[in-house]
Amino acid sequence: MEVIIQRDYEQMSKTAAQIVAEVLNTKPNAVLGMATGSTPLGLYQELVRLHKEAQLDFSRVTTFNLDEYVGLPVNHPQSYHYFMHEHFFQHVNIPRHNINIPSGTTSNYPAFCQWYEERIAECGGIDLQILGIGSDGHIAFNEPGSSLSSRTRLKTLSKQTIDDNARFFEHREGVPVYAITMGVGTILDARKLVLVASGKAKAKAIAQAVEGPVTSMVTASAIQLHRDAIVIADKEAAADLTMRDYYEFIYAAKPAAPKS
Ligand code: F6R
């Protein structure tokens with residue numbers, strides 16, 4: 001695993017966007033795995049800037065989002081469909097039919113989850129999966145206790161996640177209790193993982209994910225098993241890493257490291 005520590009949120013976002021851009025430059029028809037939440041907002045902004053100012057082309061890209069709340073219609077301001085359209089899809093040139101987001105309103109969740117897995121496989125698998133991390137150590141909505149080989153399925157959100165996400169809703173009671181989410185196994189199948197983390201609220205989860213034991217109680221720790229996983233954390237999120245100096249030393253010595 002590569003750990004990149006950046007001085008602030010902006011540098012974290014730019015470094016992550018640079019890695020996405022490199023994948024697209026090498027493979028213009030790449031399949032991207034998308035995350036929502038507050039952390040990747042800067043990364044999406046930077047990708048939009050690269051699209052507008054540096055002709056970064058998304059016309060052959062296919063996307064698969066990690067998750068969606070169950071019960072929210074696509075036009076609900078807190079649905080991940082709405083989020084992705086608002087912050088990313090409407091600003092770049094990904095063909096609409098290449099965009100895949102789990103349905104939070106299907107009448108048959110098991111059938112939909114199976115279809116989603118098959119669709120990923122049909123598209124050749126995910127080349128690069130963007131990830132955030134929950135303060136309970138989750139990736140996507142794989143809450144503590146999720147099987148590390150889980151696939152796309154319905155999941156009950158943890159109390160911690162409901163509390164964390166209540167900030168986006170008018171009332172805590174408005175936060176959906178269920179989500180449809182790619183599994184840890186689905187995520188580990190992606191060819192490259194880029195996990196972004198910012199702020200001191202993520203410091204403990206990042207330390208557990210990067211340096212703790214691989215455990216289903218911190219599903220982000222499963223990325224230790226991946227052969228090409230990059231964690232990009234700002235200084236606050238990296239604060240509890242015991243090997244911080246070593247990661248910084250490696251990154252500084254890397255000849256072609258993306259720095260801005
Ligand atoms: C969202 C997702 C979640 C978030 C995580 C962190 O698609 O997969 O795992 O990445 O809950 O959310 P923020 O970035 O809002 O702290």
Side-chain angles (χ1 to χ4, degrees), residues 9-10 12-13 16 32-46 63-70 72 74 76-89 99-104 116 126 128-146 148 150-169 175-188 190 193-206 208-209 216-223 229-234 236-238:
Y9 179 76
E10 190 186 344
M12 176 207 77
S13 303
L32 298 180
M34 316 303 281
T36 55
S38 51
T39 315
L41 279 173
L43 156 60
Y44 293 143
Q45 263 167 27
E46 179 62 10
T63 63
F64 285 91
N65 263 79
L66 284 171
D67 41 20
E68 177 58 290
Y69 287 119
V70 164
L72 298 191
V74 294
H76 188 289
Q78 297 310 329
S79 80
Y80 288 165
H81 279 78
Y82 187 93
F83 175 102
M84 287 308 298
H85 181 72
E86 201 60 14
H87 297 292
F88 190 54
F89 293 142
I99 293 171
N100 300 277
I101 305 178
S103 167
Y116 203 68
I126 294 172
L128 182 153
Q129 176 65 58
I130 298 164
L131 296 167
I133 185 170
S135 61
D136 64 359
H138 69 215
I139 42 173
F141 276 134
N142 293 289
E143 300 290 30
S146 295
L148 299 186
S150 50
R151 312 302 303 189
T152 303
R153 70 212 184 288
L154 211 61
K155 191 74 199 161
T156 308
L157 302 187
S158 71
K159 183 178 173 304
Q160 177 73 57
T161 298
I162 293 173
D163 287 346
D164 287 350
N165 291 0
R167 69 189 192 278
F168 299 116
F169 291 79
V175 186
V177 175
Y178 301 101
I180 179 167
T181 180
M182 276 188 207
V184 181
T186 320
I187 293 168
L188 291 180
L193 304 179
V194 174
L195 187 152
V196 283
S198 167
K200 54 179 185 297
K202 298 295 172 64
K204 183 167 163 257
I206 280 292
Q208 289 177 325
S216 64
M217 294 312 287
V218 179
T219 55
S221 65
I223 71 170
I230 305 174
V231 172
I232 310 173
D234 66 11
E236 287 187 343

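Note: hydrogens, waters and symmetry copies are ignored here, and every other heavy atom, side chains too, is used. Each ligand, and each atom within it, is numbered from 1 in the order the structure gives.
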Nearest protein heavy atom to [atom], by residue and atom, and its distance?
atom                    : result
atom 2 (C) of ligand 1  : Asp67 OD2, 3.3 Å
atom 5 (C) of ligand 1  : His138 NE2, 3.3 Å
atom 15 (O) of ligand 1 : Ser38 N, 2.8 Å
atom 3 (C) of ligand 1  : Ala140 O, 3.6 Å
atom 1 (C) of ligand 1  : Thr36 OG1, 3.1 Å
atom 10 (O) of ligand 1 : Gly132 CA, 3.3 Å
atom 14 (O) of ligand 1 : Thr39 OG1, 2.4 Å

Handout entry: Winner among Met84, Gln160, Lys202 once heavy atoms are compared against atom 16 (O) of ligand 1
Key =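 Among Met84, Gln160, Lys202, the closest heavy atom to atom 16 (O) of ligand 1 comes from Lys202.
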
Side chain proximity check, [X] to [Y], heavy atoms < 4.5 angstrom:
X      : Y      : answer
Thr39  : Ser198 : yes
Leu66  : Thr36  : no
Tyr44  : Phe83  : yes
Ile187 : Thr219 : no

Practice task
Could you label the plane-to-plane angle of the His76 and Phe169 rings as parallel, tilted or perpendicular, counting under 30° as parallel and over 60° as perpendicular?
Solution key: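 His76 and Phe169: tilted rings.
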
Handout entry: Aromatic ring pairing Phe64/Tyr116, orientation class (parallel under 30°, perpendicular over 60°, tilted between)
Key =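 Perpendicular: the ring planes of Phe64 and Tyr116 meet at over 60°.
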
Give the atoms of ligand 1, by number and element, whose distance to some non-hydrogen atom of [X] is under 4.0 Å.
X      : value
Leu66  : 8 (O)
Gly37  : 14 (O), 15 (O)
Ile133 : 5 (C), 6 (C), 10 (O)

Exercise for the section: Would you please test Ser38 and Arg167 for side-chain contact (heavy atoms from CB on, under 4.5 Å) and show each step? Expected result: CA-CA 11 Å; Ser38 51; Arg167 69 189 192 278; 3.0 Å; yes

Practice task
Check if Arg167 has a non-hydrogen atom at a distance under 4.0 Å from any atom of ligand 1.
Solution key: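 The answer is yes: ligand 1 sits under 4.0 Å from a heavy atom of Arg167.
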
Exercise for the section: With rounding to the nearest 0.5 Å, note down the distance linking CD1 in Ile101 to CE in Met84. Expected result: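 It is 6.5 Å, given to the nearest 0.5 Å.
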
